[in-house]
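Here's the structure, in C-alpha cells; my notes come after.
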Amino acid sequence: MESAVEYWTARAWLEWQVELGADEAMLDAPIDRYALDPEPARPAPAIPAATGERARPAPPPPPEPAPAIDAPAEAARLAASAKTVEELAEAMAAFDLCELKKGARNFVFADGNPAARVMIIGEAPGRDEDLEGRPFVGRAGQLLDRMFAAIDMSRDHPSSQQGLYITNVMPWRPPSNRTPDAAEIAMMLPFLKRHVKIVAPDVIVLMGNTPCQAVLGRSGITRMRGNWAEAFGKPVLPMFHPAYLLRTPAAKRETWADLLALQARLREGVSP
C-alpha cells in the first residue's frame with residue numbers, strides 16, 4: 001500500500017513538471033555547457049522520396065567577365081585590312097567600340113574628290129552633317145566652300161589640282177556637339193592614319209583644335225594657325241575652323257592669309 005501511494009505521488013509530480021515545461025531529466029550537478037565541444041553542423045535533411053519533389057541542382061557559377069578589348073588596337077587591325085577608300089569606309093562603319101556610334105543618326109565618312117591634292121580634316125559631324133551623312137554641309141561647311149572657292153578650289157571639282165577631299169577625326173556626331181575626348185580620338189586615329197595613307201594627298205589642312213590635337217598632339221589654334229608642320233609624312237597647315245570664323249568674323253583676315261599660303265605652296269610644288 002505504501003508503494004502505491006509513492007507511485008501516484010511521483011507521477012503527479014512528474015505531470016506537474018511537464019506542465020511547467022520540463023522536457024528532460026537533469027543530473028544531480030549542473031552542466032557547464034561552455035566547456036563542451038560545439039555541436040557539429042547538422043546536414044540538411046533530405047527531401048523524402050514520397051513527396052515526389054526533386055532536389056534542386058546547385059546554381060551555376062557566375063560567368064567570368066569578358067576580357068577588355070583594346071579599342072585602338074582593334075581599330076588598327078581593321079584599318080590595316082583596308083586597301084581602298086571604300087573598304088576603309090566599310091571597316092569604320094562596322095567598328096562598334098566607339099560609344100558615339102550609338103547616338104548618331106548617320107555615319108559621316110568623307111566628301112569630295114579622293115584624288116585631290118588637298119585633304120581637309122575637321123573635328124566631328126554637327127547636326128546638319130549627322131542628318132545628311134556628309135561632312136561640312138551646315139553653315140560652317142558653306143563658309144568653307146566659299147573660302148576655298150576664293151582660291152579656285154572645290155570639293156566638287158573633278159581635277160586633282162583644284163579638287164578638295166574632306167573628312168573628320170570622328171565619323172559620328174558627339175552628343176550636343178561636345179568636343180571628342182582623348183579616348184574617342186585615340187580609338188579612331190588608326191582609321192585616320194590609314195585614310196591619309198590611302199588617299200595620299202600632297203597637303204593636309206587641319207580645321208580647328210581637335211584635328212590639331214589628334215594629328216599633331218597639341219592644341220592652341222590661335223598660336224598654331226598659319227604655321228606649317230608635318231604629320232603622316234605630309235606638310236600640314238592648321239587653320240581656324242569655319243564655325244569659329246562665324247563667331248569671330250575679325251579672324252577671317254588671318255584665314256585669308258592662310259589660304260594664300262596654301263595656294264602658294266601648291267603652286268611652288270610641295271615637299272615635306
Side-chain angles (χ1 to χ4, degrees), residues 75 79 82 84-95 98 100-101 103-149 153-158 160 162-180 184-185 187-201 203-215 221 231-232 234 236-246 255 258-259 262:
T84 65
V85 170
E86 292 76 17
E87 290 179 358
L88 182 64
E90 292 177 2
M92 291 179 67
F95 185 70
C98 183
L100 298 182
K101 180 179 181 180
R105 290 177 177 268
N106 280 304
F107 170 66
V108 182
F109 180 65
D111 193 23
N113 184 355
R117 299 180 66 193
V118 176
M119 181 178 191
I120 298 174
I121 300 177
E123 178 182 301
R127 176 182 178 276
D128 295 319
E129 290 78 11
D130 186 36
L131 291 173
E132 192 167 331
R134 295 169 56 223
F136 284 96
V137 295
R139 290 183 61 214
Q142 295 167 10
L143 177 55
L144 181 142
D145 289 339
R146 294 196 299 271
M147 288 163 48
F148 281 88
M153 301 189 75
S154 166
R155 71 175 83 190
D156 299 323
H157 204 287
S160 63
Q162 295 175 264
L164 294 173
Y165 186 68
I166 306 173
T167 189
N168 283 316
V169 174
M170 306 300 301
W172 297 289
R173 180 193 181 192
S176 302
N177 290 348
R178 67 165 175 80
T179 301
E184 292 164 345
I185 293 174
M187 73 174 66
M188 301 309 297
L189 187 56
F191 290 114
L192 183 61
K193 290 180 178 179
R194 188 61 180 166
H195 206 162
V196 174
K197 182 72 173 179
I198 294 173
V199 175
V203 174
I204 297 173
V205 175
L206 302 179
M207 288 293 183
N209 268 320
T210 298
C212 288
Q213 184 64 51
V215 175
I221 190 62
F232 309 143
K234 305 291 181 181
V236 172
L237 179 63
M239 292 179 60
F240 287 130
H241 195 285
Y244 174 78
L245 298 178
L246 291 172
T255 299
D258 296 341
L259 289 169
L262 173 63

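Keep in mind that the numbers below use all heavy atoms, side chains included, and drop hydrogens, waters and symmetry copies.
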State, yes or no, whether a side-chain contact exists between L245 and M147 at a heavy-atom distance under 4.5 Å.
-> yes
N113 side chain to A115 backbone, donor-acceptor under 3.5 Å | yes
From M170 atom CE to L189 atom CG, the distance as rounded to the nearest 0.5 Å | 10.5 Å
From L192 CG over to T167 OG1, what is the distance, rounded to the nearest 0.5 angstrom?
-> 7.0 Å
If you look at every heavy atom in I198 and A82, which pair is closest and at what distance?
-> CD1-O, 3.9 Å
Is the shortest heavy-atom distance from the side chain of P242 to the side chain of F136 under 4.5 Å?
-> yes
Which pair of heavy atoms, one from P171 and one from F107, lies closest together, and at what distance?
-> CB-CE1, 3.4 Å
So how far is it from L206 CG to Q213 CD, rounded to the nearest 0.5 Å?
-> 11.5 Å
Might you work through the side-chain contact (heavy atoms from CB on, under 4.5 Å) test for F232 and K197, ending with a clear yes or no?
-> CA-CA 8 Å; F232 309 143; K197 182 72 173 179; over 6 Å; no
Pairwise side-chain contact, V215 with I204, heavy-atom cut-off 4.5 Å (strictly under) = no
Would you indicate whether the side-chain heavy atoms of P201 and V196 approach each other to under 4.5 Å?
-> yes
For the pair Y165 and H195, name the ring-plane relationship: parallel under 30°, tilted 30 to 60°, perpendicular over 60°.
-> perpendicular
Donor-acceptor under 3.5 Å (K101 side chain, A93 main chain) | yes
Do the side chain of E129 and the main chain of G138 share a donor and acceptor less than 3.5 angstrom apart?
-> yes
Side-chain contact, heavy-atom cut-off 4.5 Å: P211 with N168?
-> no
So CD1 of I221 and NE2 of H241: to nearest 0.5 Å the spacing works out to 10.5 Å
Locate the shortest heavy-atom distance separating R134 from E132; write the atom from each residue and the value.
-> NH1-OE2, 2.7 Å
Would you say the side chain of V205 lies within less than 4.5 Å of the side chain of L164, judging by non-hydrogen atoms?
-> no
Taking R194 for its side chain and L88 for its backbone only, find out whether a donor-acceptor pair lies under 3.5 Å.
-> no
Taking the side chain as every heavy atom from C-beta outward, state whether R139 and D128 have any atom pair closer than 4.5 Å.
-> no
S176 side-chain N/O to R178 backbone N/O, donor-acceptor pair under 3.5 Å = no
Rounded to the nearest 0.5 Å, what's the gap from CE on M92 to CH2 on W172? Could you check?
-> 6.0 Å
Note: A79 and P190 closest approach over all heavy atoms is CB-O, 3.7 Å
Calculate, to the nearest 0.5 Å, the distance between atoms OG and CZ belonging to S154 and R146 respectively.
-> 13.5 Å
Give the minimum heavy-atom separation between R127 and N177, together with the two atoms involved.
-> N-OD1, 4.0 Å
Contact check, side chains of R155 and F148, non-hydrogen atoms, under 4.5 Å | no
Is the backbone N or O of R105 less than 3.5 Å from a side-chain atom of D130, with the two atoms forming a donor-acceptor pair by type?
-> yes
